[in-house]
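We're numbering straight along the sequence, starting at 1.
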Amino acid sequence: MSSHGYPASSAVRTRMPTRADGRSDYLGRLDWILLLAALALSVYGSILVWSASKADLAPRTGDLQYFLKRQLLNLVIGLVLGYLVSRVNHRLLRAYTPVLYVVSLIGLLVVLIPGVGSSIAGAKAWLALPGGFTIQPSEFAKVAIILMMAMILAEKRDAESEPRDADVLQALIVAAIPIAIVLVQNDTGTVLVMGTIVITIVAVSGARTRWLVGLLLGTVVAVLLAIQLHLLQPYQVDRLTSFIDPENASSQSAGFNTEQARIAVGGGGLLGRGLFEGPQTQGSFVPVNESDFVFTVAGEELGFVGGATVIVLLGVVLWRGIRIALRAEDLFGRLVATGVVAWFAFQAFENIGMTLGIMPVTGVTLPFVSYGGTSMFATWVGVGLLQNIRVHEADS
């Protein structure tokens, strides 16, 4: 007989959890729909990048699959980063957020050092690395802004349903610092994305309406002042005016780029002209269509179906992200998930919109699809954050 009065043969034995149990538990809690949609989008994007670069850029290297291989390598690294972020302890991630924020600021400032930062399309926002690689610190600054604002606005408040004004002000200050540095780098596209993230997080945090009204009015005033005081670079003004009045844009301006992009998308029809067969894509008429204008490749070579596939997969990613935000057990997780969704949604809308001529050309990439290591790394870190919140929610 056992000490509890039960026969020894029927005594309950407690088995210590094994590493395999923990791995199985983690895999069971993942949002597999989100993961598969993001992965499908990334693989699909790699094929589009291959087609876009094959006719012009790849032959210079002597390897027609050069950019395809690079993009697949970027994807693998992005998956590893996303996995690591998803596995970080939720409390540990919150505790080390200030460190990540400071590191991101250092990266942004290093870019401005003469002889260190590199300029592409007028924006000095890249760091050159050995082996021909480059890194754009502002992509990771988006993550830092999301985490830092969420940490500040989610601080425990005594019987308060909305953040104190001091908390909102502090969150806006920590967001304004990296945004100001990116603005100095002349990367207006990233500034727009960051601004959208900030406004969305403040709105979801429950801040008073006056904060949102002030942010929106302040944004409008800042843009008008920048134009009136000639603070924008000539190429930025060219992009803005070509968006407002595309018919009068010169053939050498951003209006020409948008026009070529619209011709490519419009010429694809329902099913497209066939992969590697698009005359605009393979004729190099559309600029940087492996990154900024990658959506034109889907529209021209794979038609309406190809373009719709990109949008549907993006929609699935956003839907699962919103679902994770709504089901988050704590405010920190809800604000982080909201920030990631706002980032993906606005950047995708801006990229596809400038391709179709309904948004100004800003040079932002299409999440998961465009060529670029830093963009791929950052977006998969965003997916990792969503999965981290999802796993934490299941653990609550």
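- Panel note: side chain Glu290, backbone Ser53; no donor-acceptor pair is recorded below 3.5 Å.
- A chain of hydrophobic side-chain contacts below 4.5 Å, direct or via other Ile, Leu, Val, Met, Phe, Trp or Tyr residues, connects Met376 to Leu84.
- Under the 3.5 Å distance criterion, the side-chain polar atoms of Gln280 are left unmatched by any main-chain donor or acceptor of Ala261.
- In terms of modelled atom types and a separation under 3.5 Å, the side chain of Gln71 and the main chain of Ser370 share a donor-acceptor contact.
- The main-chain N or O of Leu93 is found under 3.5 Å from a side-chain atom of Thr97 such that the two form a donor-acceptor pair.
- Considering all non-hydrogen atoms of both residues, Ala298 and Val310 come closest at CB-CG2, 4.3 Å.
- Side-chain N or O atoms of Tyr371 include none that pairs as donor or acceptor with a backbone N or O of Ser46 at under 3.5 Å.
- Looking at Val143 and Leu100, their side chains never come closer than 4.5 Å, going by heavy atoms from C-beta outward.
- Using a 3.5 Å distance cut-off with no hydrogens or angles, the side chains of Thr365 and Ser375 do pair a donor with an acceptor.
- Considering all non-hydrogen atoms of both residues, Ala141 and Ser104 come closest at CA-CB, 4.2 Å.
- With hydrogens and angles ignored, the 3.5 Å screen pairs a side-chain donor or acceptor of Trp32 with a backbone N or O of Leu27.
- Under the 3.5 Å distance criterion, the side-chain polar atoms of Thr296 are matched with a main-chain donor or acceptor of Phe293.
- Judged by distance alone, the side chains of Trp343 and Thr379 never bring a donor and an acceptor atom under 3.5 Å apart.
- Taking the six-membered ring where the residue is Trp, the centroids of Phe344 and Phe368 are separated by under 6.0 Å.
- A 6.0 Å sphere centred on CZ of Phe285 holds no more than 12 heavy atoms belonging to other residues, nucleotides or ligands.
- Using a 4.5 Å cut-off on side-chain heavy atoms (C-beta onward), Val103 and Phe140 make no contact.
- Remark: the Gln170 side chain and the Asp167 side chain contain no N/O donor-acceptor pair separated by less than 3.5 Å.
- The side-chain heavy atoms of Met149 and Leu335, taken from C-beta on, include no pair separated by under 4.5 Å.
- Rounded to the nearest 0.5 angstrom, Lys142 NZ and Thr196 OG1 are separated by 10.5 Å.
- Leu79 contributes atom CG, which lies 7.0 Å from atom OG of Ser42 (distance to the nearest 0.5 angstrom).
- In the hydrophobic clustering of ILVMFWY residues, with side-chain heavy atoms under 4.5 Å counting as a link, Leu81 and Tyr83 come out together.
- Under a 4.0 Å N-O distance rule, the pair Asp31/Arg390 does not qualify as a salt bridge.
- Follow the hydrophobic side-chain contacts under 4.5 Å out from Val305 and you never reach Leu314; the two are in separate clusters.
- Judged by distance alone, with hydrogens and angles left aside, the side-chain atoms of Asn351 form no donor-acceptor pair with the main-chain N or O of Gln347 at under 3.5 Å.
- Heavy-atom minimum distance, Thr355 versus Arg262: O-CG, 3.5 Å.
- The backbone N or O of Gly278 lies less than 3.5 Å from a partner atom in the side chain of Glu301, making a donor-acceptor pair.
- To the nearest 0.5 angstrom, Leu30 atom CG is 5.0 Å from Gln387 atom CD.
- The pair Arg334-Asp330 does not count as a salt bridge, with every side-chain nitrogen at least 4.0 angstrom from each carboxylate oxygen.
- Asn388 CG to Ile324 CD1: the interatomic distance, rounded to the nearest 0.5 Å, is 10.0 Å.
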**OP:** Go through the steps to decide whether Ser138 and Gln185 satisfy the test side chain to side chain donor-acceptor pair (under 3.5 Å), and finish with yes or no.
**Re:** CA-CA 10 Å; Ser138 59; Gln185 297 174 355; 4.8 Å; no
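- Nearest approach of Phe377 to Asn74, heavy atoms of both residues: CE2-O, 3.4 Å.
- Using modelled atom types and a 3.5 Å distance limit, the side chains of Glu300 and Thr281 yield a donor-acceptor pair.
- Placement of Val88 and Val102 within a single hydrophobic cluster is found when ILVMFWY residues are connected by side-chain heavy-atom separations under 4.5 Å, directly or transitively.
- By the 4.5 Å heavy-atom criterion applied to side chains, Thr190 and Gln136 are counted as neighbours.
- Because its NZ or CZ atom is both nearer than 6.0 Å to the ring centre of Tyr26 and within 45° of the ring axis, Arg87 counts as a cation-pi partner of that residue.
- The main-chain N or O of Val174 is found under 3.5 Å from a side-chain atom of Tyr101 such that the two form a donor-acceptor pair.
- Residues Phe295 and Ile263 do not share a hydrophobic cluster, defined by chaining ILVMFWY side chains whose heavy atoms lie under 4.5 Å apart.
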